[in-house]
Number of protein chains: 2
Amino acid sequence: MGTGQPTVVSIAERAGVSIASVSRVLNGVGARRDTVERVERAASELGYVPNAVARSLKGGRTRQLTFAMPDIGNPVYVAMVRAIQTVTKAAGYRLLLHSTDAVVDDELAVLRSLGDRTSDGLIICPIRITDDHVEALRTAAGPVVVIGSLPDDVPVDSVRADSVAGAELAVRHLHDTGRRRIAFVNGPSDTVPGHNRDRGYRAALADCGLVYDPSLVRHTDFGIESGAEAAEALLDHAPDAVFCANDQLALGAARALHARGLRIPEDVAVAGMDDSMLAQAGWPPLTSVDLGSTERGRRAAELLLERLGIAGASTGNPPPRSTTAPPRLVVRASTGPAATDS
Amino acid sequence: MGTGQPTVVSIAERAGVSIASVSRVLNGVGARRDTVERVERAASELGYVPNAVARSLKGGRTRQLTFAMPDIGNPVYVAMVRAIQTVTKAAGYRLLLHSTDAVVDDELAVLRSLGDRTSDGLIICPIRITDDHVEALRTAAGPVVVIGSLPDDVPVDSVRADSVAGAELAVRHLHDTGRRRIAFVNGPSDTVPGHNRDRGYRAALADCGLVYDPSLVRHTDFGIESGAEAAEALLDHAPDAVFCANDQLALGAARALHARGLRIPEDVAVAGMDDSMLAQAGWPPLTSVDLGSTERGRRAAELLLERLGIAGASTGNPPPRSTTAPPRLVVRASTGPAATDS
DNA sequence: CTGAAAGCGCTAACAT
DNA sequence: ATGTTAGCGCTTTCAG
């Protein structure tokens, strides 16, 4: 009838003890030497593997955690996965990965699925925050940590990147190295990162005494091809630098420049963001702003684990906490000195 | 005492019916109009979400599938994830992702964890096959599909890449475009892909009437930095082409060539393998051999779903099947014509 | 130290 | 059409 897999019952029969004793031995609770031996022998002879589902139903915990990200193909999320995995694995949790493609309905579904008890907690990285998100976060059936910015009154732990300051860092650097026509390839304007990077770009421009020129700015989706197309279009406006909202866009931009026979950085400088593995994939290596993806992932995982620990304790739930990872400019060859107009 | 989450019991009480009726309504089995309405209202008022764990315990299935790959940072596996996800999602399964770092013990642990009933089936992509793998595959507690080659006598479905033929395709092409000193940056020699690519390289060399020169060959691990280092070393031996066992290595090699001021493809041609997203990330775009990663992922998922369907039926288990995806050469600028020795 | 028994939330006979 | 009841495999009181 069943799956044929050994259970505590089969072990108990074989060892001639009760299922309670089997459970105790298997969980390292005290038992007589003799009992321990017989149970262990029976278990290994039968090739017993505890049924995690049954254990979860009883214990109320699955020891699984979920990470939902917009795009598994984007290296910045890979970095987060690695960081999160390191922390959660050490704590004895499996990690379930979800790629939502930044589709709002998918994100909401993940949030609601916390109620199905498939995982004990969730780290989610939405790039847009709608009212539905806020509502779903408020009513989440389990602990959630958001990687990204969200309104202050949403009672959820969050880990943020400071992309405003990050964008400023990049633009200032470009200005410092002599560029004056700094183009900007940004992500979608209706996303939080897109919006913030735009703010940083404008602020830095103002700081440097440069005027904002809409013809030097493009919004597109995050991705190599998009970066190439946007940069292509931008070239008609003779920029001396292209700042991109992530490394994928920057790689695409660099390709477009090469295709036009322009030299990087002599003719046009290029800078990216995220300082992902891609920053050192092309030529020349890209200057990029590290937004602390690894640190954000680690921190998010730690926050989630803390919540989980507290949930067990009798303590009331402490107020939500929010950390912001500081940005860091990593200078590489793509923003070296401009050609001297001999 | 419980988690406070609504259950069938709370709904039954609120709707004034039995838990059986609740279950029926929730599962779309016939019931009187009146009953349906009251149950549905109660459920939505309570914000009920079925407990998937309890459902699994009862039904014996989790509707979760696992994909275990060597490295989540390698775009070729990202392509597989996408393909697998598409198929499994359509069939109503969640996908659990595991990055094993190609560590044998991790892979074995994943294989054995099938016994804990956390997921209904497994797709695994090992790059080494040890005796322990074979043993674990034989005794797997659930359906498994292997992406990769394994001994014929292992009774498991598998989906293979033809990397021997793939490597031949690339080397022939390099030869056709006039290259005669074709260097090879390969992955670890103790892996199945590494071994096969080496075979293809040698076979093609022989076919083209070229001699195998060990000083033109390097083994390293798969990764951009490794590719750069290996190519760097190879340059002392004046190759006119560098064939790399994957796109990451090729990107690294391209970077090393650029750093030395060599032109691609005029001075040295570069070709990669996998035709991943990275092939079009750098400059010039890379010629690469598509090993059918998307198709392999899709096929693996289909095979697994078939096994799952059959497991339910009374049919005896059919013999294992093995598919091989044909390789396809994608020519891009990195292997354009060599400079004419004016 | 050990066994009997309850019950986690749900589905599926079986009865009514 | 609906209610009662028996488990799925496990952990954990509660007695002995």
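Lettering follows sequence order; numbering is per chain, from 1.
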How would you list, by chain and number, every residue that makes a side chain to side chain contact (heavy atoms under 4.5 Å, CB included) with [X], sequence neighbours excluded?
X: B:Ser23; result: B:Asn27
X: B:Arg321; result: B:Asp157, B:Arg299, B:Leu303, B:Glu306
X: B:Arg160; result: B:Ser149, B:Leu150, B:Asp152, B:Ser158, B:Ser322, B:Thr324

Below 3.5 Å is the cut-off: list the nitrogen or oxygen pairs between protein and nucleotides 1-3 of chain D, distance only.
| unit_1 | atom_1 | unit_2 | atom_2 | d |
| --- | --- | --- | --- | --- |
| D:dT2 | OP1 | B:Arg32 | NE | 2.9 |
| D:dT2 | OP1 | B:Arg32 | NH2 | 2.9 |
| D:dT2 | OP1 | B:Thr35 | OG1 | 2.3 |
| D:dT2 | OP2 | B:Arg32 | N | 2.7 |
| D:dT2 | OP2 | B:Thr35 | OG1 | 3.3 |
| D:dG3 | OP2 | B:Ser18 | N | 2.8 |
| D:dG3 | OP2 | B:Ser18 | OG | 3.1 |
| D:dG3 | OP2 | B:Ser21 | OG | 2.8 |
| D:dG3 | N7 | B:Arg24 | NH2 | 3.0 |
| D:dG3 | O6 | B:Arg24 | NH2 | 2.5 |

Qualifying residues under salt bridge (Lys or Arg N to Asp or Glu O under 4.0 Å), relative to [X], sequence neighbours excluded:
X: A:Asp131; result: none
X: A:Asp105; result: none
X: B:Lys89; result: A:Asp106
X: A:Arg41; result: none

Can you tell me which residue pairs pass the side chain to side chain donor-acceptor pair (under 3.5 Å) test with a partner in residues 43-56 of chain B, sequence neighbours excluded?
B:Arg14-B:Glu45
For B:Thr62, check side chain to side chain donor-acceptor pair (under 3.5 Å) against everything at least two apart and list the hits.
B:Asp120
Estimated bend of the helix from C:dC1-D:dG16 to C:dT16-D:dA1 (axis per five terminal pairs, rounded to 10 degrees)
50°
Hey, can you pull the residues of residues 37-48 of chain A with a non-hydrogen atom under 4.0 angstrom from DNA chain C?
none
